[in-house]
Chemist: 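Below are the structure tokens for one structure; questions will follow.
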Amino acid sequence: MSWTYIIYSGSHDKFYIGFTNEDPFARLEKHNSDYYQDKFTSKYKPWDLYWTLECQTSKQAQQIERHIKNMKSKTYIQNLSKYPEIGQKLLLKYNP
């Protein structure tokens with residue numbers, strides 16, 4: 001399985017959007033460790049898992065990640081968490 005995920009740094013009020021083929025909690029551990037040195041997420045630790053969406057393929061997860069990033073909206077990200085039906089619509093829109 002592949003996942004689109006969003007992590008949140010409460011101490012810096014920052015979101016990060018990504019996709020992964022591994023368990024989202026395992027990816028979160030990497031973001032909170034020194035695995036991604038000199039990357040965006042290394043500067044704003046600690047991170048919490050904010051939102052996940054299980055996708056059928058890596059391509060679908062990447063397309064949804066790009067869609068969310070292109071929205072450039074903190075409100076949109078917050079609405080993803082509030083309204084699960086948005087995630088379901090994204091799965092249909094980017095159906096493999």
Chemist: Hey, could you give me the CG/OG1 distance between Asn95 and Thr57, rounded to the nearest 0.5 Å?
Modeler: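 Answer rounded to 0.5 Å: 9.0 Å.
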Chemist: Please determine if Lys69 and Glu65 form a salt bridge, counting it only when a charged side-chain N lies under 4.0 Å from a carboxylate O.
Modeler: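 Result for this pair is yes, salt bridge flagged.
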Chemist: Would the Phe15 and Tyr50 ring centres measure less than 6.0 Å apart?
Modeler: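 Here the rings of Tyr50 and Phe15 have centres that are less than 6.0 Å from each other.
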Chemist: Determine whether a donor-acceptor pair (N or O, by modelled atom type, separation under 3.5 Å) exists between the side chain of Asn32 and the backbone of Pro46.
Modeler: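 It does not hold such a pair.
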Chemist: So, taking the atom named CD1 in Ile68 and the one named CE in Met71, what distance separates them when rounded to the nearest 0.5 Å?
Modeler: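 So the CD1 of Ile68 and the CE of Met71 are separated by 9.5 Å.
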Chemist: Identify whether Ile6 and Tyr83 are in the same connected component of the hydrophobic contact network (ILVMFWY, side-chain heavy atoms under 4.5 Å).
Modeler: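 Yes.
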Chemist: Classify the ring geometry of Phe40 against Tyr44: parallel below 30°, tilted from 30° to 60°, perpendicular beyond 60°.
Modeler: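 It falls in the tilted class, 30° to 60°.
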Chemist: In terms of hydrophobic clustering (I, L, V, M, F, W, Y; side-chain heavy atoms under 4.5 Å; direct or indirect links), are Tyr76 and Ile17 co-clustered?
Modeler: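 Per the 4.5 Å side-chain linkage, Tyr76 and Ile17 are co-clustered.
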Chemist: Kindly work out whether a path of hydrophobic side-chain contacts (I/L/V/M/F/W/Y, heavy atoms less than 4.5 Å apart) joins Ile77 to Tyr16.
Modeler: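 No; Tyr16 is not reachable from Ile77 via cluster members.
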Chemist: Which atom names give the shortest non-hydrogen contact between Lys45 and Ser42, and what distance separates them?
Modeler: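 So the minimum-distance heavy-atom pair works out to CE-O, 3.6 Å.
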Chemist: Can you measure from CZ (Phe25) to CG (Leu49) and round to the nearest 0.5 angstrom?
Modeler: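 Those atoms lie 5.0 Å apart.
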Chemist: Would Lys39 and Asp34 pass as an ion pair if we require N to O under 4.0 Å?
Modeler: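 Asp34 and Lys39: not salt-bridged.
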Chemist: Kindly say whether His31 contributes a backbone atom to a donor-acceptor pair with the side chain of Thr41 at under 3.5 angstrom?
Modeler: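 The answer is no, because no donor-acceptor pair under 3.5 Å joins these two groups.
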Chemist: Answer yes if Trp51 and Tyr5 sit in the same cluster of Ile, Leu, Val, Met, Phe, Trp and Tyr residues linked by side chain heavy atoms under 4.5 Å apart, and no otherwise.
Modeler: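 No, it is not one cluster - the side chains of Trp51 and Tyr5 are not joined through contacts under 4.5 Å.
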Chemist: Quick one: do Trp3 and Leu91 end up in the same hydrophobic cluster if we chain Ile, Leu, Val, Met, Phe, Trp and Tyr together by side-chain heavy atoms under 4.5 Å apart?
Modeler: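 In one cluster: no.
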Chemist: Output the distance between atom CD1 (Ile7) and atom NZ (Lys14), rounded to the nearest 0.5 Å.
Modeler: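 One gets 13.0 Å once the value is rounded to the nearest 0.5 Å.
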Chemist: Quick one: do Phe19 and Ser2 satisfy side-chain contact (heavy atoms from CB on, under 4.5 Å)? Show the steps, please.
Modeler: CA-CA 7 Å; Phe19 81 95; Ser2 295; 5.6 Å; no
Chemist: Are Tyr36 and Arg27 close enough that a side-chain donor and a side-chain acceptor fall under 3.5 Å?
Modeler: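 Per modelled atom types, Tyr36 and Arg27 side chains form a pair under 3.5 Å.
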Chemist: What's the shortest heavy-atom distance between Ala61 and Cys55, and which atoms?
Modeler: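 Distance-wise, the nearest heavy atoms are CA-SG, 3.6 Å.
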Chemist: Taking the basic N atoms (NZ, or NE/NH1/NH2) and the acidic carboxylate oxygens, is any pair closer than 4.0 Å for Lys74 and Asp13?
Modeler: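 Looking at Asp13 together with Lys74, the answer is yes, because their closest N to O distance falls below 4.0 Å.
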Chemist: Determine whether Thr4 and Thr52 satisfy the following criterion, side-chain contact (heavy atoms from CB on, under 4.5 Å), listing intermediate values before the conclusion.
Modeler: CA-CA 6 Å; Thr4 302; Thr52 61; over 6 Å; no
Chemist: Tell me yes or no: between the side chains of Tyr94 and His67, is some donor less than 3.5 Å from an acceptor?
Modeler: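 Indeed, the side chains of Tyr94 and His67 share at least one donor-acceptor pair under 3.5 Å.
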Chemist: For the side chain of Asn79 and the backbone of Lys82, is there at least one donor-acceptor N/O pair under 3.5 Å apart?
Modeler: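 Absent.
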Chemist: If you round to the nearest 0.5 Å, how far is CG of Leu90 from CD of Gln63?
Modeler: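 Between Gln63 CD and Leu90 CG, I get 11.0 Å after rounding to 0.5 Å.
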Chemist: Distance from Thr20 atom OG1 to Lys30 atom NZ, nearest 0.5 Å?
Modeler: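 These two atoms lie 7.0 Å from each other.
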